[in-house]
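We name chains A, B, ... by the order of the sequence lines, and we start the count at 1 in each one. Keep in mind that this is a model prediction, so the values were computed, not measured.
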Amino acid sequence: MAQTITEKILAFHAGLKEVEPGQLIEADVDIALANDVTAPIAIAEFEKLGVEKVFDKKRVLLIPDHFTPNKDIKSAEQAKILREFAQAQELKNYFEIGRVGIEHVLLPEQGLVGPGDLIIGADSHTCTYGALGAFATGVGSTDLAAAMATGKVWFKVPETIKVVYHGELPAWVEGKDLILHTIGLLKVDGALYQALEMTGETIAALPMYGRMSMANMAIEAGAKNGIIAPDEITLDYVRPRAQRDYTVFASDPDANYCRTIEIDVSKLRPQVSYPPLPDKTRTVDQAAADNIAIDQVVIGSCTNGRIEDFRLAAKLLKGKKAARFVRLMIIPGTQEVYRQMIKEGLTDIFLDAEALISPPTCGPCLGGHMGILAAGERAVATTNRNFVGRMGHPESEVYLSSPAVAAASAVLGRIATPEEIL
Amino acid sequence: MHNIEGKAWKFGDDIDTDAIIPARYLNTSDPRELAKYCMEDADAGFAAKVAAGDIIVAGKNFGCGSSREHAPIAIKASGVACVIAPTFARIFYRNAFNTGLLILESAEAAAAIADGHQVNVDPATGTIKDLTGGQTFQARPVPEFMQKLLDDGGLMAHWRKRLRDDK
Ligand code: SF4
């Protein structure tokens, strides 16, 4: 039977020749990860199970990135639970401050996840690794605890929606804009319980960082996973980093899809998602016409915290300054991204633009710490969610965009098109 | 399992996990602490108003957003006995089962039950009675495998049993 890439990876990890949508399977996981918000519950559940050791100390990953550097005493206590568990279990992949980065930027960069893997994470944006051609999905802490102990997880095989992108990307249009546009079409529950496979000539030409922005936001359409089949661009990224063997899977040409959507990108404009849902997508021109004054700009996160994202922002910010009453925050996704920013002189450009450069952290993305909004304040952010209260006060607002739109907006103090500051 | 009877609290579509339990409270995982802020960004003061046994009746895609298990934990610890919605976001759906929060899918019940109505739910059959409105609804059956997990006492109990049997 013809299979999609998602079906093939699930079948492979369940020890089956093939699977079909709706089928219930028990699969072996390659990687199980959690962060400082979700791991404490997972560890408590794990301990109730009466199992002494995790299934594999190289494959259980703990990444304290949300409230670190420890925001307050409570978050310090949570981070301590991870540290002590990592020590007791001799976990190979625990990342302390100074090494840690935002999980979904860090793990691909460190070669800890790769094509063909089955990855579960107690974090909904675990779906990011679908950009490498892996099956990766978010679960809760209890599912994770069971996987930490047994190396296994149960799934219902999802149906797949195929999105085919045609045409060449216009200037200033990024992977982030493609996915915001797609979520605008699908809506926030348009892919509920389903896999989202992204393909077509536009994707074939899209660099890895853009693919990661796209797979990252599959969950914002309700999808179980987002996935892009590996090609030379993927393997060029993976080869020098991979810490394990990997397997390349691809969909059969006659595989079954529950729905196929074709998108012509050649006339697309940069996108902005209005609060309070990622599917409230408009063009940047509409947003600029709406004359939306802003108080803060955040460039970073697991969606747009990679070096290419900062290069893009720097290109626009070079020789310019953030508007006088706008707080511009630059948050590199990892220490490696940070170092590269320094090497390439991007940090100087940002400092000259009077931006604040933060250590790698989730920080304001989830309204955790560093850059919280007051009532009535508005931010443009390259993050992935703009729900009520996401970055602070329930009466604050978040507009989602690419780094280019965010940079232009920081300079003009209102949502702006990149062309306006050239 | 006994029938549940309580007052309905209505919410709209796409209630996300940030509305259920805002991230600013995620520096703890203590259920009692989380319960104090349950639904805060959707209905400030909800935690103080809700009574044990009450029922949340919401629109489609309830629990979208993050994977935080703090969301079903906060709802359960606030005293809410059941959530009724047309559809649930998938991670929330799994988490609710894993943490023992009863959730029922019924588009008809979710549409018909009004705020403040007295509602009776039979967890064993999925029958939902709107006592104030005088209507009865049948929720979509729980998938067989999930039912087995529930019968075993949840995912962790299921695994405890299996690991014991394997020895
Ligand atoms: S950067 Fe934001 S979305 Fe990504 S893992 Fe951190 S909190 Fe979640």
Reported [atom1]-to-[atom2] distance for the pair [X] and [Y], which is rounded to 0.5 angstrom:
X       : Y       : atom1 : atom2 : value
E45(A)  : T99(B)  : CD    : OG1   : 9.0 Å
T142(A) : N98(B)  : OG1   : CG    : 5.0 Å
E77(A)  : S29(B)  : CD    : OG    : 11.0 Å
R385(A) : D16(B)  : CZ    : CG    : 8.0 Å
R68(B)  : D123(A) : CZ    : CG    : 9.5 Å
N35(A)  : S67(B)  : CG    : OG    : 7.0 Å

- Message: Looking only at heavy atoms and a cut-off of under 4.5 Å, which of G389(A), S124(A), G121(A) has the most pairs with chain B?
- Response: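 Max contact count across the listed options: S124(A).
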
- Message: At a heavy-atom distance under 4.5 Å, which candidate from D36(A), T38(A), L49(A), L366(A) has the highest pair count against chain B?
- Response: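 Ranked by contacts with chain B, first place is L49(A).
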
[X] versus chain B, heavy atoms under 4.5 Å apart: side chain, backbone, both or neither?
X       : result
L192(A) : side chain
K156(A) : neither
A79(A)  : neither
N384(A) : neither
I219(A) : side chain
S141(A) : both
L277(A) : side chain

- Taking the side chain as every heavy atom from C-beta outward, state whether E144(B) and L24(A) have any pair of such atoms under 4.5 Å apart.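 Contact flag for E144(B)/L24(A) side chains = no.
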
Residue pair [X] / [Y]: nearest heavy atoms and the distance that separates them:
X       : Y       : answer
N27(B)  : K74(A)  : O-CB, 3.2 Å
R162(B) : E26(A)  : NH1-OE2, 2.7 Å
G65(B)  : F387(A) : CA-CE1, 3.8 Å

- Query: Are the side chain of N95(B) and the backbone N or O of G140(A) linked by a donor-acceptor pair below 3.5 Å?
  - Reply: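 Present.
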
- Do side-chain atoms of Q78(A) reach the backbone of L26(B) as a donor and acceptor pair under 3.5 angstrom?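 Between the backbone of L26(B) and the side chain of Q78(A) there is a qualifying donor-acceptor contact (under 3.5 Å).
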
Under 4.5 Å from any heavy atom of chain A, what part of [X] do you find: side chain, backbone, both or neither?
X       : result
I15(B)  : neither
Y93(B)  : side chain
L155(B) : side chain

- Side chains of T137(A) and R90(B): donor-acceptor distance under 3.5 Å anywhere?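 T137(A) vs R90(B): donor-acceptor pair found between side chains.
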
- Lys/Arg N to Asp/Glu carboxylate O, R94(B) vs D143(A), below 4.0 Å: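 Salt bridge present between R94(B) and D143(A).
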
Below 4.5 Å, heavy-atom pairs only: which of [options] has the largest tally toward chain A?
options                         : answer
T87(B), I73(B), D13(B), T28(B)  : T28(B)
P143(B), G154(B), S66(B)        : S66(B)
R24(B), E69(B), H158(B), E40(B) : E69(B)

When you look at [atom1] of [X], are more than 12 heavy atoms from neighbouring residues, nucleotides or ligands closer to it than 6.0 Å?
X       : atom1 : result
K80(A)  : NZ    : no
K129(B) : NZ    : no
K161(B) : NZ    : no

